[in-house]
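Below you'll find the structure, written out as structure tokens, and then a few comments.
Please read these numbers as outputs of a predicted model, since none were measured by experiment. All values below were derived from every heavy atom in this structure, side-chain atoms included, with hydrogens, water molecules and symmetry-related copies excluded.
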Amino acid sequence: MCGIVGIVGTSAVNQRIYDALTVLQHRGQDAAGIATSVDGELYTRKGSGLVRDVFQQHHMLELRGNYGIGHVRYPTAGCDSASEAQPFYVNAPYGICIAHNGNLTNATELAEVIIREDRRHLNTTSDSEVLLNVFASELQRIGTPRVTPADVFAALNAVYRRCRGGYAVVAMVIGHGILGFRDPHGIRPLVLGQRDTPRGPEWMLASESVALDSLLFKFVRDIAPGEAVFIDEQGRLHSQQLVPTVRHTPCIFEYVYFARPDTKIDNISVYRARMRMGDRLAEKILRERPNHDIDVVIPIPDTSRTSALQLAQKLNLKYREGFIKNRYIGRTFIMPGQEQREKSVRRKLNAIDLEFRGKNVLLVDDSIVRGTTSAQIIELAREAGAKKVYFASAAPPVRFPNVYGIDMPATSELVAADRSVDEVAHLIGADWLVYQDLEDLVAACQHDDARVAEFDTSCFSGEYVTGDVTPEYLERLQVERSDAAKSLRRERRGRLKVIRGS
């Protein structure tokens, strides 16, 4: 999962892109990058780490121009090195930069065609670079001296024909403007905002509406699935529906975990969706354990707070903050490597023993993926004196990998894969475990004004909405995504650095 932003302004955009990326930092803490342009010149800065670490004052001063794009990344399958920080750039035609959130399911096949037929070179294994070169190749075929909106949309028509998967993209054509587009299923989010200034309108594209809010841009609308927008240097907006929306299926895990609660995606409030998740989960607990002996409900900060508070109110139970979070430790789910994730849990959370001692506690989390973090948190609760530790997940069991841009681990590393609820409870050390039912999660994310009838629920259901995910593809992904494979890639890069250094 990544965060993307693009701005066409009437004044320098470097600081505003930086600020937007800090707001979207929760979507990726592995790398960050910004590209801006003025008078046909390109200025870039990118690197590994948080936004505040990648950009120093002298970097910001060098990022000149009234339009640009930015990206924050966490590593996805096969993409976990500093060289794959975005935005990516190709010099022909015109000079194009791209920032991409999502994953192409046919990236391997596309890469072969790009090298063999399009005669283009790829520097990395990232599907984002593949997507960039597909667009650049198609734009080059048109071959006009100056890019028009019609040219951009014609090239993107071919991109939609060639690329499959889930993706939201912002791109910059140097000397021309910014474009944004979204996959035909709307799996990955992208929103459009506007701000009026004395010198004319300014436009912004971002992964989440909260980025617009922070920069005082007015939310205009979500980019529709299969739609592209192009904003030229003069601030004129052009849009076109390039692919009919057959099924609008946004990723439901955005509402469960990734998006900030104060954002809206496809006219659905993440905060309200999580409240409804708490309501539905409470109803299930009452059905399954009407005579429960829960004394207190404690959230696992931060994502589960909204659901946990609503659940406690529905059950008429005390809600307490039992864990204090060190805010300088990143989100463990998106950390590269199991060893790093395990070490970070104890550094990130500390229990307030007064809230646990002698009590039957219900811990509430947004989801359970590998189970190792849940097991350590349950252990913390017991060490703090809890008599019994129950565990509730606001999401259903994660049994399948996500192939549309969330680097959920290989199936063999998912704790719920091929295990019953009782077996998972035993493995993580809970006295009792309750999961949200999938139909309740879907209902929690729906409301009358959203105009979203269904969601991508593939990590829970195993149903992949693009229809092109085969067992062979999942098997290849298993090899690429396992912690062992990632560790081996890091080791090889380390050896290569030593050889180059010598």
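- For the ring-ring contact (aromatic ring centres under 6.0 Å, His included) test, no residue two or more places apart in sequence or in another chain qualifies with H185.
- Contacts classified as salt bridge (charged side-chain N to carboxylate O under 4.0 Å, His left out) and involving residues 146-157 (residues at least two apart or in different chains) are not found.
- For the salt bridge (charged side-chain N to carboxylate O under 4.0 Å, His left out) condition, the pairs that include at least one residue of residues 155-178, sequence neighbours left out, are D118-R162, E138-R162, R164-D468.
- Rounding to the nearest 0.5 angstrom, the gap separating the CG atom in L42 from the CG atom in L63 is 9.5 Å.
- Taking the six-membered ring for Trp and thresholds of 30 and 60 degrees, F460 and F253 have ring planes inclined between 30 and 60 degrees apart.
- Under a 3.5 Å cut-off, the side chain of Q436 and the backbone N or O of A394 do form a donor-acceptor pair.
- Here the OG1 atom belonging to T10 is positioned 7.5 Å from the CZ atom belonging to R195, to the nearest 0.5 angstrom.
- Between I368 atom CD1 and D366 atom CG the span is 9.5 Å, to the nearest 0.5 Å.
- For the salt bridge (charged side-chain N to carboxylate O under 4.0 Å, His left out) condition, the pairs that include at least one residue of residues 236-249, sequence neighbours left out, are D232-R236, R247-E454.
- Residues S37 and I174 share a closest heavy-atom pair of OG-CG2, 3.5 Å.
- Counting only N and O atoms by type, the side chains of Y464 and T105 include no donor and acceptor under 3.5 Å apart.
- With hydrogens and angles disregarded, no donor-acceptor distance shorter than 3.5 Å links the side chain of D183 to the backbone of G166.
- No more than 12 heavy atoms of other residues, nucleotides or ligands lie within 6.0 Å of OH in Y271, so this atom counts as exposed by the packing criterion.
- By the ring-ring contact (aromatic ring centres under 6.0 Å, His included) test, F455 pairs with Y255, sequence neighbours left out.
- Electrostatic pairing of R276 and D279 does not count as a salt bridge here, judged by no charged N lying under 4.0 Å from a carboxylate O.
- What you find for L50 and Q29 is that their closest heavy atoms are CD2-CB, 3.6 Å.
- The aromatic rings of F135 and F181 are tilted relative to each other, their planes meeting at an angle between 30° and 60°.
- With contacts defined as side-chain heavy-atom distances shorter than 4.5 Å, the pair V90/F88 does not qualify.
- At distances below 3.5 Å, at least one donor-acceptor pair connects side-chain atoms of Q241 with backbone N or O atoms of V243.
- In this structure, S269 contributes its side chain and R272 its backbone to a donor-acceptor pair below 3.5 Å.
- In this structure, the side chain of S209 does not engage the main chain of T263 through any donor-acceptor pair within 3.5 Å.
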- Task: Walk me through it: do R27 and N101 pass the test side-chain contact (heavy atoms from CB on, under 4.5 Å)?
- Result: CA-CA 10 Å; R27 300 184 68 87; N101 173 33; 3.3 Å; yes

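- When all heavy atoms of V229 and S239 are compared, the pair lying nearest together is CG1-CB, 3.7 Å.
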- Query: Given the rule in the side-chain contact (heavy atoms from CB on, under 4.5 Å) test, do I187 and T466 qualify, once you have shown the distances and angles that lead to the verdict?
  - Reply: CA-CA 10 Å; I187 298 171; T466 53; 4.2 Å; yes

- Message: Test side-chain contact (heavy atoms from CB on, under 4.5 Å) on T306 and M275; report intermediate values, then the result.
- Response: CA-CA 6 Å; T306 306; M275 287 181 66; 3.5 Å; yes

- Task: Please step through salt bridge (Lys or Arg N to Asp or Glu O under 4.0 Å) for the pair R16 and D19, ending with a clear verdict.
- Result: CA-CA 5 Å; R16 285 179 285 176; D19 292 340; over 6 Å; no

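- With rounding to the nearest 0.5 angstrom, the OH atom of Y257 is 10.0 Å from the CZ atom of R274.
- Here the straight-line distance linking atom CE of M1 with atom CZ of F258 works out to 5.0 Å at 0.5 Å rounding.
- With T197 contributing its side chain and P201 its backbone, the two residues share no donor-acceptor pair below 3.5 Å.
- Contact check on K284 versus D440 returns no salt bridge, with no Lys/Arg side-chain nitrogen under 4.0 Å from an Asp/Glu carboxylate oxygen.
- Here the shortest heavy-atom pairing between A136 and A92 reads CB-O, 3.7 Å.
- Remark: the backbone N or O of V147 is paired with a side-chain donor or acceptor of H176 at under 3.5 angstrom.
- With a 6.0 Å radius and a threshold of 12 heavy atoms from other residues, nucleotides or ligands, D39 has its CG atom at or below the threshold.
- Looking at I178, V5, L212 one by one, the single match for side-chain contact (heavy atoms from CB on, under 4.5 Å) with L205 turns out to be I178.
- Screening R182, R188, R451, R221 against D266 for a salt bridge (Lys or Arg N to Asp or Glu O under 4.0 Å) leaves a single residue, R182.
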- Message: Test side-chain contact (heavy atoms from CB on, under 4.5 Å) on Y43 and V38; report intermediate values, then the result.
- Response: CA-CA 8 Å; Y43 303 91; V38 63; 3.7 Å; yes

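- A distance-only check finds a donor-acceptor pair linking the side chain of Q25 to the backbone of V51 [under 3.5 Å].
- Atoms NZ and CG, from K264 and D222 in turn, are 10.0 Å apart once rounded to the nearest 0.5 Å.
- In terms of heavy-atom proximity, P87 sits nearest to G33 at CD-C, 3.6 Å.
- Nearest heavy-atom pair across F400 and S461 is CE1-C, 3.6 Å.
- Side-chain contact of S126 with E84: a donor-acceptor pair under 3.5 Å is absent, judged by distance alone.
- In this structure a side-chain-to-backbone donor-acceptor pair under 3.5 Å is present from E129 to T124.
- Look at E439 and R280 and you find no salt bridge, because none of the NZ, NE, NH1 or NH2 atoms lies under 4.0 Å from a carboxylate O.
- No donor-acceptor contact under 3.5 angstrom links the side chains of S393 and S367, judged on distance only.
- For V296, the side-chain contact (heavy atoms from CB on, under 4.5 Å) partners are I298, K318, R320, K359, V361, not counting sequence neighbours.
- Counting heavy atoms of neighbouring residues, nucleotides and ligands inside a 6.0 Å radius, atom CD of Q234 exceeds 12 of them.
- Under a 3.5 Å cut-off, the side chain of S307 and the backbone N or O of M277 do not form any donor-acceptor pair.
- Between N402 and D456, some side-chain heavy-atom pair lies under the 4.5 Å cut-off.
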